[in-house]
Amino acid sequence: MARSIGSLGIRRARLAGFLLLLVFVVSACSSNKGATYHFEWDITFRSILSPNGAIINGLWLTIAISIVAQLLGVVLGIFAALGKMSKIWPFRLVANFYIWFFRGTPLIVQLTMFYYAPQIAHIVTWPTFGLGPFSFSDSAVTIGCLIMGVNEGAYMAEIVRAGILAVDPGQSEAAKSLGMNYRQTMSRVVLPQAARVIIPPLGNEFNNMIKNTSLLYALSVYELFTTFDNYAVTSFQYFEYFFACCFWYLLLTTIWGLVQARIEVRFSRGSGPTSTGISWRERLLGRANPDEISVLGGH
Amino acid sequence: MAVDVSHDLLGAIGGVPRPETDVVVDARGVNKWFGRLHVLKDVSLQVKRQETVVVIGPSGSGKTTFIRCLNHLEKIQSGRIFVNGHLIGYREAGSGGKLVEDKEKNIALQRQEIGMVFQRFNLFPHMTALENIIEAPIQVRGAGKDEAVAMGRALLDRVGLAAKEKSYPNQLSGGQQQRVAIARALAMKPALMLFDEPTSALDPEMIGEVLEVMKELAREGMTMIVVSHEMGFAREVANRVVMMDEGVVVEEGTPDQLFSQPTQERTKTFLSKIL
């Protein structure tokens, strides 16, 4: 089980992280060098316990952009992976170029270039439009989200490809021998099995996505980070606001971690001995590596 | 035999699928290379309607490759393969008789008439036994769900697995998985069934239950090609046995002829090793 390997390490790391944070806060509060700086921790508590409309809005934007961009990334990733494995060379060429470019350049460069350059050069003026349930009033949000999705697709392509290659070739042979065409073979037989291999790294990708939306700062999109940064620079209460900012990101990534564990159990259906699932306690605290229990567990 | 194989197995799919031609398989001068390795050398084989042909031969003789060519899981470099009257995998380009690989859609159509059972079963692990069986009839033939389920249940019942329709493949024994795989192939009502060493991945105690199903199919008149070393099976139901070695058909005959009075030295050597 990949999950249990290193989960003891994760527990230790979490403990160390909490302790470090504690030491940091205590020493910051008691420092006399920064005598001119006044900590106003109630700003942090307020931003966490009763966030104002701007923070809620930033949180909502971060969530919405992450989900839309990730979904786009998954779809593009599947097509890019199939393109890369295609028998038809122009498909391979396009897929390889796409993956090469978007994995080989920084996301922030892609964001600024594709958003600003065409407008500065008067080639296009990005329109504003809504995207399904998410109505984005701002073209920076829409285009930024789009670029993030396209960037993500390049990473997902490699993940999807690895997933497809992990499926026993006998599976597609069986599907073909029943008269299924390429599309049916892929969508009904190969991809559902590849999903088991794709889901864990996909979870990590989404975790990254949640945090990477902060790069939309470059397009002045008021998601979580830009919102808190704006408060920080105007009030000079950097620690206070950014601690609260970290809290919100941690809340999102932690909730996602729990959801991901649940999805992974579901997708392991029909493979290996029937899984009994994992408890909420294990999800929160991690699962001890069975081999290492005796080391720390004391028996 | 502990397994209860019904005596009207093909009744579950509406009777014996009737091939359109008397000669169901007509392979002529088939050549295949894997790179520089010449694995099939001018192989020709005819299989008539309702015949059961068992292909034997040492490993590496090309027998598995040959039956994989019959439903175009393998490409061939020259020769012609007709199954049920259709040229498999290729179409003739122009008048020169040059072969060009056929469109994916046509190959898929040709494969619907050819059931295949694999050594490693290759059941879809994310589907239950019943879902495995109804998948292709619904997706490929456009059968209605109710119709497909009724037929799937009938098939499972007749291979002795009525109680296992909700089981996933990893919850079934090898013998049970292979019987589901046979049912899955039958659900497409194929004119021809190909068996690629269907019992060689099984524990000895499970071989019987799979052979029992295959014997019943042969007796009911299914046209079959079986790559197998199960001599008992060959003696009991095969109309012909074909001996292959190093990519050529060494000799063929009735099970009696071939097992009792083989004419070729290579056949004698091979039989002496396995009997």
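Quick caveat: nothing in here was measured; it's all calculated off a predicted structure.
For a residue to count as touching a neighbouring chain, one of its non-hydrogen atoms must lie under 4.5 Å from one of that chain's; by this rule A:E173 touches chain B with backbone and side chain alike. Residue B:F118 touches chain A through its side chain alone, counting heavy-atom pairs closer than 4.5 Å. Only the backbone of B:I114 comes within contact range of chain A, with heavy atoms under 4.5 Å apart. For chain A, no part of B:L109 is nearby; none of its heavy atoms comes within less than 4.5 Å. Of the two parts of B:R184, the backbone and the side chain both hold a non-hydrogen atom closer than 4.5 Å to a non-hydrogen atom of chain A.
In this structure, B:Q112 CD and A:M180 CE are separated by 10.5 Å, a value rounded to the nearest 0.5 Å. Atom OG in A:S177 sits 12.5 Å away from atom CG in B:L70 (nearest 0.5 Å).
Across every non-hydrogen atom of B:M188 and A:L178, the tightest pair is CE-O, 3.4 Å. Nearest heavy-atom pair, A:V189 versus B:H126, reported as atom, atom and distance to 0.1 Å: O-CE1, 3.7 Å.
Top candidate by heavy-atom pairs under 4.5 Å with chain A, chosen from B:L123, B:V117, B:N71, is B:L123. The choice from B:H72, B:R120, B:M116, B:E135 that makes the most heavy-atom pairs within less than 4.5 Å of chain A is B:E135.
In A:F91, the CZ atom is not crowded: 12 or fewer heavy atoms of neighbouring residues, nucleotides or ligands sit closer than 6.0 Å. Within 6.0 Å of the CZ atom in B:F82, the count of heavy atoms belonging to other residues, nucleotides or ligands exceeds 12.
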Working for side chain to side chain contact (heavy atoms under 4.5 Å, CB included), residues A:N181 and B:K105
CA-CA 7 Å; A:N181 59 29; B:K105 200 178 99 184; over 6 Å; no
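The main-chain N or O of A:G179 is never found under 3.5 Å from a side-chain atom of B:Q139 such that the two would form a donor-acceptor pair.
Residues A:Q171 and B:P125 meet the side-chain proximity criterion, which asks for heavy atoms closer than 4.5 Å.
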